[in-house]
Each structure stands twice: as structure tokens, then as C-alpha cells.
Novice: 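Okay, handing you the structure first.
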Amino acid sequence: MSAIITLSLLAVLLLYLGLFKAKKALLPVSLLGLLAAIVLYSIQWDTDAEPLYSGMVLFDHFAVAFSILSLFITGLVFLLSRDYFDSISEHVAEYYALIIFSLTGALLVVSFHNLAMLFIGIEIMSVALYILVGIRKRDFSSNEAALKYFLMGAFSTGFLLFGITLIYGATGSFDLTEIKNYLIANPHSISPLFYSGILLLIIGLSFKVGAAPFHFWTPDVYEGAPILITTFMSTVVKTAAFAGFLRLFLTCFVPLQDFWAPVLLVITVLTLFIGNISALAQQSFKRMLAYSSISHAGYMLFGILSIGAASAGAIFVYSAAYSIASVVAFAVLILVKRSRGSEHFEAFNGLAAKNPYLAFTLSVAMLSLAGIPLTAGFVGKFMMFSGVLANYHIVLLLLAVLNAAMGIYYYFRVIVAMYFRPADREEVTVNANYKAVLFIGALLTIAIGIFPSLLAGWL
Amino acid sequence: MTAELLIFYVLAASALVSALLVVSMKNLARALFLLFVTLFSVAGLFIFCLADFIALTQIMVYVGGVLVLMLFAFMLSNKELLNDLQKGLTGFFALPRWQALIITAGMGFILIHMAINMGSNLPKWVTEAAREGKIFTPTDHTEKHIGLQLMTRYLLPFELISLVLLMALMGAAHLTRKEPKP
């Protein structure tokens, strides 16, 4: 809890720094604050977790692991933000503060123990993003993305809230333990309110994680938002939303698996196919990443579908691998866009000849996203698929493998463009922060790929 | 039919009809004024649920605040822009309406299915509370309980809401600030 208080105060402090025009101090202060929060969380690791504040939050291993992951990824995003926001506006402090606020919401979503906290966490996370998506006020696509995201977000919040209300109507409590006890106490006389509540919660949460058929806002919003904000959204926010999704279902709804698993199965298969097939057709790298993030949502849904003791670990490793690789991919995209002014695949032509370092790290990220062995993405996919194989039939696994093959095709397009398509281009300048982030990202991707126990042992 | 039941049905019908008109009307000003009717009827329904605090909040915040703001926004905005809005999509087969239809039908199906299945079986905790006499009567004051709950059990969410408010302020400041032209 002290970490969440620290982060809230950090954001207010950043606003004051902005007020006193201390622009140089913003980045170091934010990074120090994130570091402090990580330390505060790590201290909690071995203590016995009890629900705090009348059962509102619970900092168990699940919550702490996902929180540290979110804080770490946000740190990487902040490192990339040097010189980035300055080109957009003079009021940089607010953007830092909003990202920190959004992160606070994400931390609440991964550690909630009461449906009221889930709702408030999701709201804090999304309200900050509504503003951040639209920070380029003069850019038409940024405005469109902000409005779309806001309307869709408000709409899906309605579903979520209705679902929570119905669950409350059936059980008389928002508390996860009470809801679980209700299911255990009345296995045969569960109120119909409860079933409808689960359905509406699935719809609301699918909107938030961007799963088909509720994905239609994702590509436009990811494309219209500034790249750095897209990075934050597709990594930290997605991870947190999935962790919240899993926490709710893992704690409460496991006894009713026969009811919700078929619904989720349809959503998963749709998400995989829609995400991958649309990604095949894209010409813009950024839009391809947006669709691929939909398909990754599909893979992560496997973890919820084959729910059990192993699913928390599987989703943790998968989201870590996916987030790290995405940060690297978006970082390279920022640099390429800055030098070439384009987000298309052609902009990457011949990158390997002039910037071998950039090309190599991006290749590692792409291999990881595609799930090639010796990268973190493979470990994530392996853990996910073995869970599916243990609980479900082989047809589903075949579908997933088919989709992974499609993924390889479009991820390799950019590698082919970088290494085998010659083009006249000048060298892209890379500042030290970007070099550091790319190095950390590539190193972690390979390290987790070779030694999966680095992460898999956490949960 | 008792008088209460009659009032309930009148309120429910006016809420439904006015809400339907709000979303189907092309003229924005009329739609806004119909929203008054919707919000007032819903406030009346809240009173029927013995949630008088919520009913008053609804009137004060939505009718008194939000709707008046919307009217101001409407009056201050560009007339040409609004004319464009009024054209909109025509014809029943326009795609957005299909999506809306599917979502509405799905939602309606879930709710009606639930209502039929539920019949008169109230959830167990409700019947138990009724048996023990732990229920509100129309003369009780609910706001005292709401205040106590907010300051004890729900203190953490109550405090965290302030983050949402702070961010909303920052967003408003960001939207209205004059940026130097590039």
C-alpha cells in the first residue's frame, strides 16, 4: 500500500515541479519514485498477505509480481520519453503525472480484493489514458483516437458496472472471499443474477483488454495515439487488465467454469483469428503491432480459459515477454519515424546496414513476439499452450499453432525489410537512453528465453 | 391497482419512452430537453427503491449540473457543425445501427432471460435479511448509513476517487489551454 501512496504523491510532486519549471528534474524524479515503489513492493514479498483496509486490497505474491512488472515496464517507457514529449507541448509535467496516475490505477487493478476497487482501479487507469491519447491537440487522428477511446471506455464501463451490480445482487457482497464462499455454499442454487453478472463482466473486461468481438476500438486508438502512449497502453495497461481479469476469475468463478468457459472459448478463437488475419494485411508497422496486440490478447485468454494453479504463472511470463518485446519494437519505431517520417514497413528498408544495433534488437523483439525458441516469447507461449493441452482438446491447440504460424509471417516482414531490402538512407541517431532500453529489452528477452526459471519461479 | 403502482408505471414508462426519443431524435436541442424528463423519471424510480439520497444526488448533479452544462455547450457551439450532425445516417440498414441493434438485443436477451429464470426467487441474503427484520422502511434515513459506510468500510475507494477528480481537472485544463500555433 505504501507504494501506491508513494506513487500518488510522486505524481503530485511532478505537477509541482512542472509549476516551478524544473523540466530537467522530471525524468530523474519519476524514475527515482518508480524505483522506490519497486523497493517498497519487494520488501512485502515474503510477508503473509492479508486483505487490507476492510478487505479492499490484497498484496499477495500475484499482486506484487504483476505490480513490479508494471513498474518496471513503466520505467522503460519513461526512459524513452526523453525529448519525446517536448516536441508535443510545453507542459510536460502533466504527462508524466498522468502516466504515474494511470500506473497507480493499474497497480490497484492487479491487487484488488473487492469489486469496488476493481472498478475504481480501472477508472483511474483509463481516465488518465483518455487524456494522454489526445495530447496532440492539433493532430486529427489523435483527437479521433481520444474520443473513440473515451466513448468506448465509458460504454464498456457500463457493462462492467452492471455485471458487478448483478453479482452483488446475488451474493450481497463486493468482497471476493464472500463471493467465493457464496459459490461454495450454494453449488446448486446459484441465483440467475450471478450468471448474467458473469456474462456482463466478461463483456466489460473483454472491451478493456481489447479481445474480439469487442476489439474494434483498438487499432484506431493505438494508431492515433502518440507512439509512447501506445507503448504504455499495449504493455502496462493490457498486463494490468489481464491480471485483474485473471484474479477475478481465479479467486471467485472457478466453480462455475462449465458455464463461462464456452463463452470465453468463442471470444478467444475469434480474437486470435481476427487479430492475426488483420495483421497480415497491414502496411503500417504501427497498425500491425496494434493488430498483433489483439492476437496476443487471444493467447493470454488461453491462460484464463485453462484456469488453474499454473495460469497465473503462465500469464505473468507471457505478459512480461510480450511487454518487453513491445517496448523494444515501439522504441525502434519512434526512432525510425523520427528520421524517415513514416510508419510503414518500407521505412525499415536497409536499416541493418546503417544501424546494425537497432536492427538486431528489433529482430530479437520480433522473434520473441513470434514465439521462436530461445526468446522469452517462446517460453510464454509454451507455458500457455501446455496449460491448454492439459485441460482442453487438441483442436484448440492446433488452432493456436496455426495462428502462431501466421504471426511468424508478419513479424518476419520487418526483419526481411531491415536485412534484405537495400535502400538509401542515412544513419538514425540514437541517444543513450534508447540504447539502454534496447539493450535491457534484448538482454532480458534472451535471458528469459534461455533461463525461463528467472521469471517462472515467481508465481 | 394501488396509487403507488400507478405512479411507478408512469415513471417507468416516461423514463423508457423519453430515453428512446433522446437517442432517436435528430434535433439535439429537443433531445437535450427530453433528457431532463428521463433523468427526473429515473430519480423518481430511485425513490421507489428507497434510495432517496441517490435520487437527490441524481437531480442535483445530473439535472442541475451536467444537463445545464450540456445546454451551455450546445448554445456555444458552432451551428454549422451541429447541422452536419443532424443529417447523420439514414435508412434502417446503415451499418452502425446494426451493431447497436445486436448489442441492444444481446443485452435485452440477457436481462429478460435472467428475469424469467429468477421468477419470484429472491436471493437468499435478501430473504434472510427480511426474516430478521433488517430492512429499510420508507421513514428510515439512509444517508446516515451511507455516510458511515463511506467513512469506515469504503474509506479507501472514497479517497482514491479523488485521483479521478484530479485527473479530470487536469484533462479539462489541458483541453482548454491555449497552445501557441506551430
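The sequence lines fix the lettering, A, B, ..., with proteins before strands; numbering per chain opens at 1. Computed from a predicted model, the values in this text were never measured in an experiment.
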Novice: With a 4.5 angstrom heavy-atom cut-off, could you sort out which part of Leu132(A) is near chain B: side chain, backbone, both or neither?
Specialist: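 When you check distances to chain B, no heavy atom of Leu132(A) falls under 4.5 Å.
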
Novice: Hey, which of Gly106(B), Pro157(B), Ala173(B), Ala115(B) has the most heavy atom pairs under 4.5 Å with chain A?
Specialist: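 That would be Pro157(B).
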
Novice: Check step by step if side chain to side chain contact (heavy atoms under 4.5 Å, CB included) holds for Leu155(B) and Met56(A).
Specialist: CA-CA 9 Å; Leu155(B) 186 60; Met56(A) 288 295 153; over 6 Å; no

Novice: Would a 4.5 Å heavy-atom cut-off, applied to side chains only, mark Met1(A) and Leu156(B) as touching?
Specialist: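 With C-beta onward as the side chain, the pair touches.
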
Novice: Less than 4.5 Å to any heavy atom of chain B: does that hold for the side chain of Ser173(A), its backbone, both, or neither?
Specialist: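 Contact with chain B: none, neither part.
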
Novice: Report which part of Tyr95(A) has an atom under 4.5 Å of a heavy atom belonging to chain B: side chain, backbone, both, or neither.
Specialist: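 Side chain only.
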
Novice: Roughly how far, to the nearest 0.5 Å, is CD1 of Ile110(B) from CD1 of Ile198(A)?
Specialist: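 Ile198(A) atom CD1 to Ile110(B) atom CD1 measures 11.5 Å (nearest 0.5 Å).
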
Novice: Please classify the contact of Leu163(B) with chain A as side chain, backbone, both or neither, using a heavy-atom distance under 4.5 Å.
Specialist: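 Answer is side chain: those atoms of Leu163(B) sit under 4.5 Å from chain A.
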
Novice: Heavy atoms, side chains only, cut-off 4.5 Å: are Thr152(B) and Ser54(A) in contact?
Specialist: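 Of all side-chain heavy-atom pairs linking Ser54(A) with Thr152(B), none is under 4.5 Å.
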
Novice: If I measure from the heavy atoms of chain B, does Phe159(A) come under 4.5 Å with its side chain, its backbone, both, or neither?
Specialist: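 Contact with chain B is through the side chain of Phe159(A) alone.
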
Novice: Atom CG in Leu111(B), atom CG in Leu193(A): separation rounded to 0.5 Å?
Specialist: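 So the gap between those two atoms works out to 10.0 Å.
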
Novice: Does Phe36(B), at its CZ atom, have more than 12 non-hydrogen atoms belonging to other residues, nucleotides or ligands within less than 6.0 Å?
Specialist: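 More than 12 heavy atoms, drawn from other residues, nucleotides or ligands, come within 6.0 Å of this atom.
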
Novice: Tell me, for Leu199(A) versus chain B, whether the close heavy atoms (under 4.5 Å) come from the side chain, the backbone, both or neither.
Specialist: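 For Leu199(A), the contact with chain B is made by the side chain alone.
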
Novice: Does Phe101(A) reach the side chain of Leu166(B), with side-chain heavy atoms less than 4.5 Å apart?
Specialist: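 Of all side-chain heavy-atom pairs linking Leu166(B) with Phe101(A), at least one is under 4.5 Å.
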
Novice: Closest heavy-atom contact between Tyr168(A) and Trp125(B)?
Specialist: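 Heavy atoms of Tyr168(A) and Trp125(B) come nearest at O-CZ2, 3.6 Å.
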
Novice: Looking at chain B, which one of Ile120(A), Ile124(A), Val127(A) has the largest number of heavy-atom pairs inside 4.5 Å, strictly under?
Specialist: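 Option with the top pair count is Ile124(A).
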
Novice: Would Leu15(A) and Met170(B) count as a side chain to side chain contact (heavy atoms under 4.5 Å, CB included) if you check the C-alpha gap in whole Å, the side-chain angles of each, and the deciding distance to 0.1 Å?
Specialist: CA-CA 10 Å; Leu15(A) 283 178; Met170(B) 286 165 67; 3.8 Å; yes

Novice: Evaluate whether atom CZ of Arg177(B) has more than 12 neighbouring non-hydrogen atoms of other residues, nucleotides or ligands under 6.0 angstrom away.
Specialist: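 Yes, enclosed.
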
Novice: Under 4.5 Å heavy-atom distance to chain B, tell me which part of Phe119(A) shows up: side chain, backbone, both or neither.
Specialist: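 The answer is neither part of Phe119(A).
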
Novice: For the residue pair Lys137(A) and His174(B), what are the closest heavy atoms and their distance?
Specialist: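 Closest heavy-atom pair between Lys137(A) and His174(B): NZ-O, 2.8 Å.
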
Novice: Considering only heavy atoms, which portion of Ser191(A) lies under 4.5 Å from any heavy atom of chain B: side chain, backbone, both, or neither?
Specialist: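 For Ser191(A), the side chain is the part near chain B, not the backbone.
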
Novice: Any chance CZ of Phe48(B) has more than 12 other-residue heavy atoms, nucleotides or ligands included, within less than 6.0 Å?
Specialist: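 Result for CZ/Phe48(B): enclosed.
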
Novice: For Tyr130(A), is the OH atom crowded, meaning more than 12 foreign heavy atoms sit under 6.0 Å from it?
Specialist: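 Count over threshold, so yes.
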
Novice: Quick check on Phe216(A): does its CZ atom have over 12 non-hydrogen neighbours (other residues, nucleotides or ligands) under 6.0 Å away?
Specialist: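 Yes.
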
Novice: Stepwise, does the side chain to side chain contact (heavy atoms under 4.5 Å, CB included) test hold for Ile161(B) with Glu123(A)?
Specialist: CA-CA 9 Å; Ile161(B) 289 279; Glu123(A) 278 309 283; over 6 Å; no

Novice: For Tyr16(A), does the OH atom have more than 12 heavy-atom neighbours from other residues, nucleotides or ligands under 6.0 Å away?
Specialist: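 Not more than 12 within 6.0 Å, no.
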
Novice: Based on non-hydrogen pairs under 4.5 Å, which of Asn114(A), Ile131(A), Ile4(A), Leu52(A) is most in contact with chain B?
Specialist: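 So the answer, after comparing Asn114(A), Ile131(A), Ile4(A), Leu52(A), is Ile131(A).
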
Novice: Around atom NE2 of His145(B), are there more than 12 heavy atoms of other residues, nucleotides or ligands at under 6.0 Å?
Specialist: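 It does: His145(B) NE2 has more than 12 such atoms within range.
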
Novice: Which answer fits Ile190(A), side chain, backbone, both or neither, if we ask what part of it has an atom under 4.5 Å from a heavy atom of chain B?
Specialist: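 Ile190(A) has no heavy atom closer than 4.5 Å to chain B.
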
Novice: Would you mind checking which part of Phe155(A) comes under 4.5 Å of any heavy atom in chain B, side chain (CB onward), backbone (N, CA, C, O), both or neither?
Specialist: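 Side chain of Phe155(A) only, per the 4.5 Å heavy-atom cut-off to chain B.
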
Novice: Please classify the contact between Phe162(A) and chain B as side chain, backbone, both or neither, with a heavy-atom cut-off of under 4.5 Å.
Specialist: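 Looking at Phe162(A), just its side chain touches chain B.
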
Novice: Among Ala97(A), Ala170(A), Ala116(A), which residue forms the greatest number of heavy-atom pairs with chain B at distances under 4.5 Å?
Specialist: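 Highest number of heavy-atom pairs under 4.5 Å: Ala170(A).
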
